[in-house]
Each structure stands twice: as C-alpha cells, then as structure tokens.
Protein chains: 2
Amino acid sequence: MPREVGARSPRSRPLRQSPSMADVAAMAGVSSQTVSRVANNRENVDASTRERVLAAMKMLGYRPNTAARALVTGRFGTLGVISFDISAYGNARTFAAISDAAREADLFVNFMGARAQTGAAVRQAFQQLMVQSVDGIILIESQILDTPELRLPSTVPVVFADGDTGHRYANVDIDQAEGTRSVVAHLLGLGHRTVWHVAGPRDSYAARRRAEAWHRSLKDAGSVVPPLLYGDWSATSGYRAGRELAGRPEVTAIFASNDQMALGVMRALQEAGRRVPQDVSVTGFDDVPEAAFFPAPLTTVRQDFDAVGRHCVTLLLEQIGGGTGSPRQASVAPVLVVRESTAPPAG
Amino acid sequence: MPREVGARSPRSRPLRQSPSMADVAAMAGVSSQTVSRVANNRENVDASTRERVLAAMKMLGYRPNTAARALVTGRFGTLGVISFDISAYGNARTFAAISDAAREADLFVNFMGARAQTGAAVRQAFQQLMVQSVDGIILIESQILDTPELRLPSTVPVVFADGDTGHRYANVDIDQAEGTRSVVAHLLGLGHRTVWHVAGPRDSYAARRRAEAWHRSLKDAGSVVPPLLYGDWSATSGYRAGRELAGRPEVTAIFASNDQMALGVMRALQEAGRRVPQDVSVTGFDDVPEAAFFPAPLTTVRQDFDAVGRHCVTLLLEQIGGGTGSPRQASVAPVLVVRESTAPPAG
DNA sequence: CCCCCTGATGTTAACGCAAACATCCACGCG
DNA sequence: CGCGTGGATGTTTGCGTTAACATCAGGGGG
C-alpha cells in the first residue's frame with residue numbers, strides 16, 4: 001500500500017537538475033577529479049583529456065557549484081560592499097567601479113546598505129556580510145569609531161573607500177585636503193578676502209576633512225575664518241545655507257562641500273538678487289556630470305571615483321592573497337576644474 | 001623520520017576556525033541536528049534546550065556556514081541584480097530600494113553590472129549570475145530582444161524593473177505613458193500649440209515608451225508632432241539638443257525625457273537669451289532631488305523608484321516561493337510635479 | 001637492466017549542514 | 001493496564017567539490 005509521500009520518490013529527483021562533475025566525468029570517461037582539474041585550469045592534465053572534458057562540459061551545460069566549492073575551499077569568490085546612501089553620485093560611481101574591477105578579477109559583489117551613517121549601523125551590515133559569505137569587505141564613505149566595542153571583527157580583509165582613516169585598516173582616499181586647498185587658493189587668488197564654507201553633515205568623514213582643510217588653508221593664508229555652516233549634502237540644505245549667506249553683504253566667495261549644495265546656494269543667491277559670479281563666487285566639490293550646466297557653470301573639484309573603486313579592489317586582493325605586512329593606503333589626487341561660477345570680487 | 005610535510009599537521013588546523021554546528025552541539029550537550037533546528041527556528045525544540053543552544057551559539061560566536069547550507073538546500077538566500085549604469089539616479093535609487101527590501105526578507109544582493117545596454121551584455125551578466133549563486137534575478141532598466149538566441153535561461157525566477165515588457169517575465173513598471181500624457185496635457189493646457197521632445201537614447205525602453213506616448217498624446221490632442229530630437233540622458237546631450245531648439249523661434253515648450261537633459265536644455269536656452277519659462281517652457285522626467293533648484297525650478301514627473309524596487313523583490317519572492325501561475329506585472333504611477341519652468345506661451 | 005623520478009590520473013575523505021528516518025519518552029484513552 | 005500517539009531528540013546520509021594521497025606508466029641514468 002503506497003503512502004502518499006512515496007509518490008515523490010524521495011531521493012531520485014527526475015527533474016533535470018544541473019549536471020555535476022560526476023555527470024561530466026561519466027560522459028568524458030574520466031574521474032571527477034580530472035574534471036575538477038580542468039575546471040580549475042590546472043596544468044597537469046593531458047591536452048587531449050582536457051579537450052574531451054571541455055567538450056563534455058559544454059555538451060551538458062555544466063556550471064560549477066559555487067556552494068560546494070566554497071564549502072571545501074573556504075572561499076566564496078565574493079566581495080562585500082557596504083555603503084550608506086548608494087544613490088549619492090560619488091558612492092554610486094565608486095560602487096560601479098568596484099563592481100567592474102571585481103568582475104575583472106572574477107569576483108562577485110555582495111552589496112549591503114547601512115541603515116545609517118553610524119558606527120553601529122556599519123557594524124551591523126558588517127556582521128551580516130561576515131556570515132561567511134565574503135572574502136573581503138569594502139566600506140564606502142563610512143566611518144567607524146575605533147573604540148574597542150565598535151572595532152570590526154578582524155577575520156576578514158577590509159578596505160575603506162574614502163572613509164575614516166587613522167585606524168588599522170587599508171584605505172583608499174581622495175586627497176580632500178589637497179582638493180580643498182586648491183579651491184581656497186583659487187578663490188583667494190582671485191582677490192577674495194576670505195571664503196565661506198557650507199560643510200557636509202557632521203557624521204561624514206569626507207565632509208569633516210574638507211572643513212578642516214578649509215579652516216587651515218584660510219589660516220595659513222592669514223585670512224579670517226568665517227563661521228561654518230552645515231548642510232547634509234542635499235541641494236535643499238545648500239539652499240537653506242545660501243539664504244543665510246545671501247543676507248550678508250560681506251560674503252563674496254562660498255565653497256560648498258559638494259556640487260548639490262552649491263546648486264542650492266546658487267539658487268538662494270539668485271533669488272536674493274545676488275549674481276554668480278559677479279557678486280558672489282561659488283564652488284562645489286565632486287564635479288557631477290551636470291556641474292557644467294548649472295546656472296553658472298560650476299567651478300569645482302573633480303574626484304576620480306573610478307580610480308578609488310579600482311584601488312579598493314586591488315588593495316583588497318592584496319590582503320586576500322598575500323596578507324603580508326600592514327594594510328596599505330592609496331591616495332587619489334583630485335583636480336580643480338575652473339568654470340564660470342568664480343570671478344574676482346566686485347569693486 | 002618525520003617528513004617535512006608533516007610539520008604542517010595536515011588535518012588538524014589549530015588556527016581558530018569559525019565554529020560549526022558540531023562545536024555548538026558539543027557545548028550544549030545536544031546533537032548537531034538540534035542545533036540546526038534552533039538555527040532554523042523550528043518549532044519542535046524544547047524551550048530549555050533552545051535556550052541552552054542559543055547560549056552556546058552566542059558563547060562560541062557561531063555563524064551558520066552559508067555555503068554548506070546552500071549546498072544542501074540548493075538555495076543561496078541571494079538575489080542577483082543586473083543594471084547597466086548604476087550611477088544614474090533612477091537606477092541607483094531602485095537598486096537601493098531593492099537592497100533594503102532584500103535585507104528585510106533576509107536575502108543578500110549580488111550586483112552585476114552589464115557592460116552595455118545590449119541584449120548580449122545583459123545575457124552575459126545573467127549567465128555569470130546564474131552560476132548557481134542566486135535564487136532570482138532582477139534586471140533594472142534592461143531590455144532584451146525576445147529572439148530565441150537571446151532568450152534568457154529559464155531555470156531562475158526573473159523580474160524586470162522598468163524594462164522591456166511584452167515578454168514572458170515578471171515586470172515592475174513605471175507607467176511612462178501616463179506620466180508623459182500628464183506632462184503633455186499640462187503644457188497644452190497652458191496654451192502651447194505643441195510640445196517638442198528631447199528623447200533618451202534609442203536603446204532605452206523607458207525612453208522609447210516616453211517618446212511613443214508623447215507622440216500619441218500630441219496626435220490625440222490634434223497637435224502637430226514636431227521632429228524628435230535624441231539625447232543620451234546626459235545634460236551635455238540635452239544642451240546640444242537645446243542649442244538646436246533655441247534657434248527655432250516657434251519652439252515654446254520642450255519636454256525632455258529626463259531631468260539632466262532638461263537642465264542642459266535650459267542652459268542652452270539661457271545662453272541663447274531665451275528665458276524659461278517666459279519664452280520657453282521646459283519639463284523633465286524623474287524629479288531628481290536637485291530639480292527644484294534648477295535655474296527655473298523644474299516641472300517634472302516624479303517616479304517612485306522605491307516602490308519599484310520593493311515591488312521587484314515582492315514579485316521575485318512570489319516566484320521563488322510559489323511559482324504558481326504566470327509571472328505577474330506591477331505598475332507604479334508617476335505624478336506630475338508642477339514648478340516654475342512651465343508657463344503659458346508669450347503673446 | 002634496474003631503479004627512481006616525473007607527470008597523468010584515480011581514489012578517498014572531508015567540508016558543514018539539513019532531509020529523512022529512527023528512537024525515545026510521556027501521556028491519555030479504551 | 002497496555003497500547004497508540006505525538007512531540008522532542010538523535011542517527012544516518014548525501015549535497016558537489018577539492019585536498020591529499022595512491023597508483024600507474026614511461027624514461028633516463030648508473
């Protein structure tokens with residue numbers, strides 16, 4: 001009397017499962033170990049045998065099973081990427097570059113968004129990614145507080161892209177200070193007495209470094225350092241800051257910490273009847289593709305996000321492969337792009 | 001006589017490997033199967049036992065091994081996402097939403113960039129992702145030619161986000177036609193005789209549908225259909241088209257297929273001395289966060305990318321889970337946002 | 001001519017987990 | 001009071017792959 005469960009034929013799944021090495025081996029008349037060798041491009045396989053195996057693979061449409069391979073090798077061939085706001089231009093570009101570089105290195109990319117720009121959120125994302133599924137992790141524009149509790153588990157190679165430095169992890173960095181200096185120098189060189197700054201959010205390391213570099217550059221030049229305004233990267237926040245600045249006649253030059261905020265600043269100035277660049281010079285940071293088409297084509301600092309992404313993967317690969325020595329740093333130089341939003345002060 | 005290989009102690013790796021279920025089982029004094037049950041939140045475990053196991057897990061820092069689990073279950077708990085230009089705002093936002101929804105469903109996200117916006121490139125990315133590592137695939141703004149050779153392998157659930165429809169895959173779609181109609185109706189309603197269109201690239205399905213809807217809307221309204229201009233989504237291409245249009249005095253209303261191109265168009269008009277919106281009305285599509293801060297705050301169509309992303313995951317989960325019936329479609333309605341870049345024609 | 005070395009190939013044994021099946025215990029009902 | 005029932009738990013097995021070791025054939029030097 002057949003039980004109803006029996007109908008399903010417990011172990012012999014007749015539905016065309018994807019073929020395994022054993023299937024290929026059978027077809028090629030070799031052992032599955034030889035198939036494995038061919039699949040992994042080992043040298044010690046006879047040319048004719050290899051050919052036969054390859055043919056069988058093709059015939060059967062064989063694909064190696066990543067899980068089985070990962071189980072035995074302990075490697076996933078996957079790299080994890082953590083970022084907070086992936087729809088922000090710079091982060092997206094960096095991510096795209098990482099993804100391209102990873103593909104070239106035959107690595108998959110596992111993305112995990114951080115819920116917030118906090119050490120805790122980053123750590124949570126990190127933990128999730130750590131669940132054995134990745135060989136290395138790249139954090140885009142993330143900061144971590146290097147306190148013992150927030151320290152990341154160290155069993156996996158880590159690279160920070162444009163994030164917090166000064167800790168024990170590898171880092172690919174855009175030289176924020178240099179970019180900032182070039183902006184400030186450009187504006188002071190045009191004859192402005194000083195430069196006002198609309199900073200990015202306090203919890204962004206990049207924003208903080210730009211603000212610090214702005215401060216130091218002005219001090220070094222002997223200019224007075226005006227009060228700092230904060231935004232949150234959005235054009236809206238730039239607009240808000242711009243309204244405030246538009247009310248002060250002494251403001252002749254504004255350095256916004258990114259291009260979106262610069263756009264908002266320009267809009268506020270326009271509404272207040274102050275012309276850019278005749279009355280006020282405005283600069284940004286990033287050089288988004290639209291910057292040249294802003295109300296006044298924007299003088300800004302171009303960041304090479306592609307280079308950042310590529311370097312990240314390189315550094316990660318180094319750690320995964322060798323693991324020799326201390327984690328390396330890499331730096332990418334930004335370049336000042338002068339357009340029409342800056343000019344000598346009136347009068 | 002010890003061989004030199006012996007120094008490495010073949011099987012007993014003393015280096016602290018991550019603990020397995022067996023370790024947890026030993027510590028908790030249960031079988032590893034019970035640990036498995038606890039790890040998978042099964043009902044049939046005694047409360048006290050469960051507690052003991054959980055404690056042991058915590059103590060040992062146990063993390064389930066994804067590879068082993070995948071090997072035995074045949075599921076990876078991972079979903080693949082394919083997109084061409086992930087740094088484009090809409091794609092990035094959709095991707096972010098997918099990633100969030102996936103996390104909530106305890107799924108990982110594996111991203112694979114398509115090298116180009118072609119069926120072949122998409123298929124290649126698809127193949128790579130198929131290498132057993134994903135349970136389902138979402139394609140963002142991709143089109144495929146539904147010819148036999150380009151047909152995707154069908155062993156994995158697939159959802160298209162805002163991509164080619166009219167094939168046998170599930171689809172989440174922004175109602176491009178409706179959004180376009182609302183723009184055209186708005187402009188005609190203001191009194192414009194007709195509306196010029198700067199379309200997105202020919203290989204974009206979204207662009208094509210907007211162009212078609214524009215064409216039909218004009219025809220339906222009895223307006224003459226002016227020649228179509230093509231861009232590539234970039235502000236630069238919008239600028240180029242804008243220069244051409246600025247030279248034609250009969251142009252009073254322009255519908256650009258996205259906001260970046262609208263910005264370029266506005267810039268070109270401004271350079272030509274034609275004011276927006278007094279002389280020419282301009283609209284975009286997308287409603288990027290900066291749109292409100294363009295030289296003239298942009299009238300545009302807001303797309304709910306978050307909804308698209310979430311629907312994608314839902315539909316994919318349905319396919320993975322049930323697989324019942326034919327793949328479903330979902331549609332997201334866009335909404336017209338009227339700002340200051342549109343006005344009645346002069347005179 | 002024999003031995004040892006080299007390169008190709010096969011065999012065995014995990015990797016860590018969950019499905020299927022087996023076992024055990026306590027409880028309730030006839 | 002015995003037996004069936006159902007829930008908790010244990011045992012066995014195999015997922016597809018690679019590392020390690022075993023085997024085998026051929027070739028060159030003493």
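The chains referred to below are lettered A, B, ... by the order of the sequence lines, with proteins before strands, and numbering in each begins at 1.
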Indicate, with a heavy-atom threshold strictly under 4.0 Å, whether A:N65 touches base, sugar-phosphate, or nothing.
sugar-phosphate
Categorize B:S32 for me: base, sugar-phosphate, or nothing, with a 4.0 angstrom heavy-atom threshold over every strand shown.
nothing
Among [options], find the nucleotide with the atom closest to the side chain of [X].
| X | options | result |
| --- | --- | --- |
| A:D46 | D:dT18, C:dT9, D:dG10 | C:dT9 |
| B:A68 | C:dA18, C:dA19, C:dG16 | C:dG16 |
| B:V30 | D:dT18, D:dG10, C:dC17 | D:dG10 |
| A:V45 | D:dC15, C:dT9, D:dG16 | C:dT9 |
| B:S20 | D:dT18, C:dA18, C:dC17 | C:dC17 |

Measure from the side-chain N and O atoms of A:N110 to the backbone N and O of B:V109, and report whether any donor-acceptor pair falls under 3.5 Å.
yes
Output yes when at least one side-chain N/O atom of [X] is less than 4.0 Å from OP1 or OP2 of [N], else no.
| X | N | result |
| --- | --- | --- |
| A:S36 | D:dT18 | yes |
| B:S31 | D:dG10 | yes |
| B:R42 | C:dA19 | yes |
| A:T34 | C:dA8 | no |
| B:T73 | C:dC17 | no |

Within this structure, what is the [atom1]-to-[atom2] distance between [X] and [N], rounded to whole angstrom?
| X | N | atom1 | atom2 | value |
| --- | --- | --- | --- | --- |
| A:E51 | C:dA8 | CD | C1' | 17 Å |
| A:N41 | D:dT17 | CG | P | 16 Å |
| B:R69 | C:dC15 | CZ | P | 19 Å |
| B:Q33 | D:dG10 | CD | P | 10 Å |
| B:R50 | D:dT9 | CZ | C1' | 13 Å |
| B:R37 | C:dC17 | CZ | P | 15 Å |
| B:N40 | D:dA8 | CG | P | 16 Å |
| B:L71 | C:dC15 | CG | C1' | 9 Å |

Is there, by distance only and without an angle test, a donor paired with an acceptor across the side chain of B:R63 and the base of C:dG16 below 3.5 Å?
no
At their closest point, which heavy atom of [X] faces which heavy atom of [Y], and how far apart are they?
| X | Y | result |
| --- | --- | --- |
| B:L79 | B:A102 | CD1-CB, 4.0 Å |
| A:A68 | B:L71 | CB-CD1, 3.6 Å |
| B:F84 | B:A114 | CD1-O, 3.2 Å |

Parallel, tilted or perpendicular for B:F111 and B:F95, by the 30°/60° rule?
perpendicular
Are any non-hydrogen side-chain atoms of A:E141 and A:T94 less than 4.5 angstrom apart?
no
